[in-house]
Amino acid sequence: MTDQNMNAIERLATVKEERMKAKLGKRYAKEKRFRAYGVASIVIGLCFLAMLLGTIFTAGWSTFYATEIRLTVTYDADAIGVSDLNDESQLMFADWGALVKNAMKERFPYVSGRSDRRAMYSLVSSVAEYDLKDRLEANPELLGTTEEVWLMADDEIDALMKGQVDMSVPENERRISDLQNSLVESLIESGELKKSFNTTFFTNGDSREPEQAGIRGAMLGSFFTLLVTLALSFPIGVAAAIYLEEFAPKNRLTEIIEVNINNLAAVPSIVFGLLGLAVFINVFHLPRSAPVVGGLVLTLMTLPTIIISSRSAIKAVPPSIREAALGLGASKVQMVMHHVLPLAMPGMLTGTIIGMAQALGETAPLLMIGMVAFIADIPSGPLDSATVLPVQIFLWSDLPERAFVAKTSGAIMVLLGFLAAMNLLAVYLRKKFETRW
Amino acid sequence: MIVILQVYDASRVEGSDLKKIGGSSVKKTIFAAMLATTAAIAAVPAQARDQINIVGSSTVYPFATVVAERFGRATGNPTPTIESTGSGGGLKLFCDGIGENTPDITNSSSYIKQSQFDACAEKGIDIIEVKIGYDGIAFANSRQSDKIDVSRKDLFLALAAHVPGDKEGELIENPYQTWKDVNSSLPATKIRVLGPPPTSGTRAAFVELVMEKGCSEISWIKDLKSSDKSKWEEVCGSMREDGAFVEAGENDNLIVQKLDADPSSFGIFGYSFLDQNSDKLQGASFDGVDISFDNIADGSYPVSRPLHFFVKKQHIGVIPGIMEYVNTFLSNAAQSEDGYLAEKGLIPLSGVELQKMRADVNAQKVLNM
């Protein structure tokens, strides 16, 4: 009887234990699966990132070096048709192209015939003549002399040098003729053709010739735009956050304001562009395409981000610090200015930098205020016409010349570099000034 | 300016506390930087515009930018700014009024409509029309596939949302799946055409030059034009939405890349893109006529259109350089057959047309409608 009972109990216990083990096994398996899901999603995310960076890098790295051709240029006054470089009326009709053409003719005297000569001239960038013009105008004493200069090669030749031209297809189906190929080969042999780091990409503004196009104009445009944005949104955002957190009474009105600020952060950015067009350009008559208007529009866009992050930074300052300050007889303003603000500053700065990084990457609101435009001149201030980096990327992606594909990716790399640098700065500031209680 | 003053005030108030705080170096630097930027912004004086402002068609954009750049570099004037807003959007901005805040020139890939002209006239704007050349529309595929010869009727039947049925006057959902279904001389590949969206000038021109011409080859639809014009427009102008015609967005480069990846599909885009990618793509011929520089120039390639820009007469002499810019556009260096515009894929004006255009422009002949 007792034996039987014992047996029954033992059996029950083993059954229970087995069940428990099975359940436990299931639980462990579940946890393992969960972990695997997590790892899988991270791997998928990293794969996408690697793919994105990989395609951008493979397409864009070639833009950082460029092909140049050495020519012996004679600054012949007769060829240009200018005897006095200060005479405006002569400059208007000057034939700068003759400088390049004569130099090419001298280098390859055996090329004759109209179409062959044309093919020969097109080895050199078609706006290189203006580089010579700028050089001559800066150094008028060069008129009549001869010197060796390195000129940018045409984008087709550049592509050939980078191995992007398939020479196996029939001649009439490719953009490099056999003659051009042979001329390039003889230039390579005599060392008159070199590949070097592409400084033009960083010193020039936009251009319709891929070999002459650079991002300096867009970079400065971005700089002026962000300067205006920072100068306006940081003080306004911080002041608003301080008032709302420390001084404002908690009533229905401030609640409504709070909800609206949170909503504003989610408003599509193009809406701010429309607002900018209606208010800053149509009412205040600020100039179109100017960074100052871009900065104002982006200020509206980043303000909510800055206010929200600043408020949470202020909230994170423990009340004991406020109480201690007040207890020692500080006024409310003194308490905020001397204690709360310095402690909350790292958090505010982080939020501001992230808001700025967001503003740096914006294109949509700038469309409405005329900053999505071909602007070749490099801006010298926030009131000059300018475009910004992401807009430059957008504009280049839409042009027919194939060399602009590499330019687009190159500009994306620069933009990503700036964004990464800004985010690193945010992390650094947070780590450096972070206070632990 | 009001806002900028506010910043200045805010930073001054906080800055005056600077001495008392002293301890926080972060704050000090930030306020210093802020004061510096405020000063920098305030230091730039407001000035009258001396830069030409151009808006308009995205088809003309690649050509106008070339001229603008050369104009800027050769004359030393500021380079004109060019916004790509589309032909319609450009005219809307252009006709907004006279004054520094409105554009001086608008590019257009289609001729100005009566309603647009009236809107301009209402604001007292005098328009000078400048025709700059021709642009062909290519119907192209990858060189990995065979080149085809199509008629405009073939394309209408392949791409229209509704096609004529067996009975006269009957319209049915487009049943054609392969090119062979449309015309037995065409290959038996599935119909798949990548084209621009309705906002594009290229789409409008394709509808006008191909679809409307093609559908008019069917006699009862042609009669519809005089009896029920809106119905005719709907029949001829609406594209299939069952996946055979794909709207690939305004970016023509994207279409080029997709055609290269999928040799069985065709794309619709401007001639300059075909010209730049001639090693990868080939244009279909229309009724035996190939798309080429010469065939577009002499008008034998049927799918081509003139490109224009319109100048605001009242701005000439006020904004410096407008006439010089127009003359650069019409100069021999730009317009000759081996000029720099031809190199970018624009088909320049013929000699006679060019002479007439130059005379009209220099007489500042105002457009009348």
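What you are looking at is a predicted structure, and each value in this text was computed from that prediction instead of being measured. Lettering follows sequence order; numbering is per chain, from 1.
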Need one label for A:Asp134: side chain, backbone, both or neither, based on atoms under 4.5 Å from any heavy atom in chain B.
side chain
Around atom CG of A:Asn282, are there more than 12 heavy atoms from other residues, nucleotides or ligands closer than 6.0 Å?
yes
Just do the side chain to side chain contact (heavy atoms under 4.5 Å, CB included) check on A:Val127 and B:Tyr340 with the steps written out, would you?
CA-CA 10 Å; A:Val127 288; B:Tyr340 54 78; over 6 Å; no
Look at A:Ser126, A:Gly97, A:Pro287 and state which one has the largest set of heavy-atom pairs under 4.5 Å with chain B.
A:Ser126
Hey, could you give me the CZ/CZ distance between B:Phe273 and A:Arg402, rounded to the nearest 0.5 Å?
12.0 Å
Give, as side chain, backbone, both or neither, the part of B:Pro80 having an atom under 4.5 angstrom from any heavy atom of chain A.
backbone
Bottom line for B:Ser84: the part with an atom under 4.5 Å from chain A's heavy atoms is backbone
For A:Ser385 and B:Gln51, does a side-chain donor sit closer than 3.5 Å to a side-chain acceptor?
yes
Which one of B:Asn53, B:Thr85, B:Asn101 has the most heavy-atom pairs closer than 4.5 Å to chain A?
B:Asn101
Under 4.5 Å heavy-atom distance to chain B, tell me which part of A:Val372 shows up: side chain, backbone, both or neither.
backbone
Side chain, backbone, both or neither: which part of B:Arg70 has an atom under 4.5 Å from a heavy atom of chain A?
both
Can you establish whether the number of heavy atoms outside B:Glu337 located under 6.0 Å from its atom CD is more than 12?
no
Below 4.5 Å, heavy-atom pairs only: which of A:Asp377, A:Asp206, A:Thr387, A:Thr299 has the largest tally toward chain B?
A:Asp377
Does A:Arg208 reach the main-chain N or O of B:Val67 with its side chain, forming a donor-acceptor pair under 3.5 Å?
no
What is the distance from atom CG of B:Leu93 to atom CG of A:Leu277, rounded to the nearest 0.5 Å?
8.0 Å
Counting only non-hydrogen atoms closer than 4.5 Å, does A:Ser289 touch chain B with its backbone (N, CA, C, O), its side chain (CB onward), both, or neither?
side chain
Nearest non-hydrogen partners of A:Pro400 and B:Pro62, listed with the distance:
CD-CB, 4.5 Å
Between CD on residue B:Glu83 and CD1 on residue A:Ile375, distance to nearest 0.5 Å:
7.5 Å
Is A:Asp131 in contact with chain B via its backbone, its side chain, both, or neither, using a 4.5 Å heavy-atom distance?
both
So which atom in B:Tyr61 and which in A:Ala373 form the shortest heavy-atom distance, rounded to 0.1 Å?
OH-C, 4.4 Å
One should read off an interatomic distance between A:Glu209 CD and B:Glu69 CD, to the nearest 0.5 angstrom, of 6.0 Å
Do other residues, nucleotides or ligands put more than 12 heavy atoms under 6.0 Å from the CZ atom of A:Phe223?
no
With distance as the sole test, does A:Lys133 use its side chain to make a donor-acceptor pair with the main-chain N or O of B:Arg73 at under 3.5 Å?
yes
A:Ser397 versus chain B, heavy atoms under 4.5 Å apart: side chain, backbone, both or neither?
both
With rounding to the nearest 0.5 angstrom, report the CZ to OG1 distance, A:Arg288 to B:Thr102.
10.0 Å
Between chain A and each of B:Thr81, B:Thr65, B:Leu254, count heavy-atom pairs under 4.5 Å; write down the option with the most.
B:Thr65
To the closest 0.5 Å, what do you measure between CD1 (B:Ile54) and CZ (A:Phe374)?
10.0 Å
